[in-house]
Amino acid sequence: VHTDARLGRIYLPLEELRRFGVTEKEILQGSYSDRYAALAACVAERAAHYYCLARECLPPEDRRAMVAAELMGTVYWELLAKLRAKGFDVFGPTPTRLSKVRKLMLVARTWWGSAWGLTVPAYGVS
């Protein structure tokens, strides 16, 4: 299995790496540290902020047209919660994932809500 780090790819802002004292080498070698956890928590807070904005700003009449984005938002919001719960330690042997059954359940619930005009998405709420 190829991971992005094995391919030399890092998807974290370099400015944030510097701010938290995390080197690219540490990321590429899979070195978990308190500095990395703080960096990841900072990036996750920013992501959570944007989820909340999306939840608040998307007009209810547009939600049905944006069902694909709503489905993805619901799944990735839960994945973010799972990453938070494990302290953002993504360097272990087991990737942080949602089971296929859990993803299907989230997608079905979100699609059903959209189909019936329920306008409250399942993301962006603490």
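Along the sequence shown, the residues carry numbers beginning at 1. Computed from a predicted structure; not experimentally measured.
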Minimum-distance pair of heavy atoms, taken over all atoms of Val90 and Tyr36: CG2-OH, 3.5 Å

Non-neighbouring partners of Thr96 that pass side chain to side chain donor-acceptor pair (under 3.5 Å), sequence neighbours left out: Lys86

Step-by-step side-chain contact (heavy atoms from CB on, under 4.5 Å) determination, Leu53 to Tyr50: CA-CA 5 Å; Leu53 283 177; Tyr50 286 113; 3.9 Å; yes

Residues that, via side-chain heavy atoms closer than 4.5 angstrom, fall in one hydrophobic cluster with Met66: Leu58

Verify same cluster id: Trp112, Leu104 (apolar side-chain graph, 4.5 Å): no

Glu15: side chain to side chain donor-acceptor pair (under 3.5 Å) partners, not counting sequence neighbours: none

Test side-chain contact (heavy atoms from CB on, under 4.5 Å) applied to Thr74 and Arg109, step by step: CA-CA 10 Å; Thr74 300; Arg109 183 180 70 193; 4.2 Å; yes

Nearest-0.5 Å distance that lies between atom OH in Tyr11 and atom CG in Asp4: 4.0 Å

Listing, residues 40-48 side-chain donor-acceptor contacts under 3.5 Å, not counting sequence neighbours, or none:
unit_1	atom_1	unit_2	atom_2	d
Glu45	OE2	Arg84	NH2	2.8
Arg46	NH2	Glu16	OE2	2.4

Output a table of donor-acceptor pairs, distance under 3.5 Å, between side-chain atoms of residues 19-27 and any protein atom two or more places apart or on a different chain; print 'none' if there are none.
unit_1	atom_1	unit_2	atom_2	d
Thr23	OG1	Glu26	N	3.0
Thr23	OG1	Glu26	OE1	3.2
Glu26	OE1	Thr23	N	2.7
Glu26	OE1	Arg35	NH1	3.2
Glu26	OE2	Arg35	NH1	3.3
Glu26	OE2	Arg35	NH2	2.6

Test side-chain contact (heavy atoms from CB on, under 4.5 Å) applied to Leu106 and Leu98, step by step: CA-CA 10 Å; Leu106 290 167; Leu98 301 178; 4.1 Å; yes

Nearest non-hydrogen partners of Gly87 and Ala37, listed with the distance: O-CB, 3.9 Å

Cluster link Phe88 to Ile10, ILVMFWY, side chain under 4.5 Å: yes

In one Ile/Leu/Val/Met/Phe/Trp/Tyr side-chain cluster, 4.5 Å: Val107, Val101: no

Side chain to side chain donor-acceptor pair (under 3.5 Å) partners for Arg18, two or more places apart: none

Greater than 12 external heavy atoms within 6.0 Å of Phe91's CZ: yes

In one Ile/Leu/Val/Met/Phe/Trp/Tyr side-chain cluster, 4.5 Å: Leu80, Met72: yes

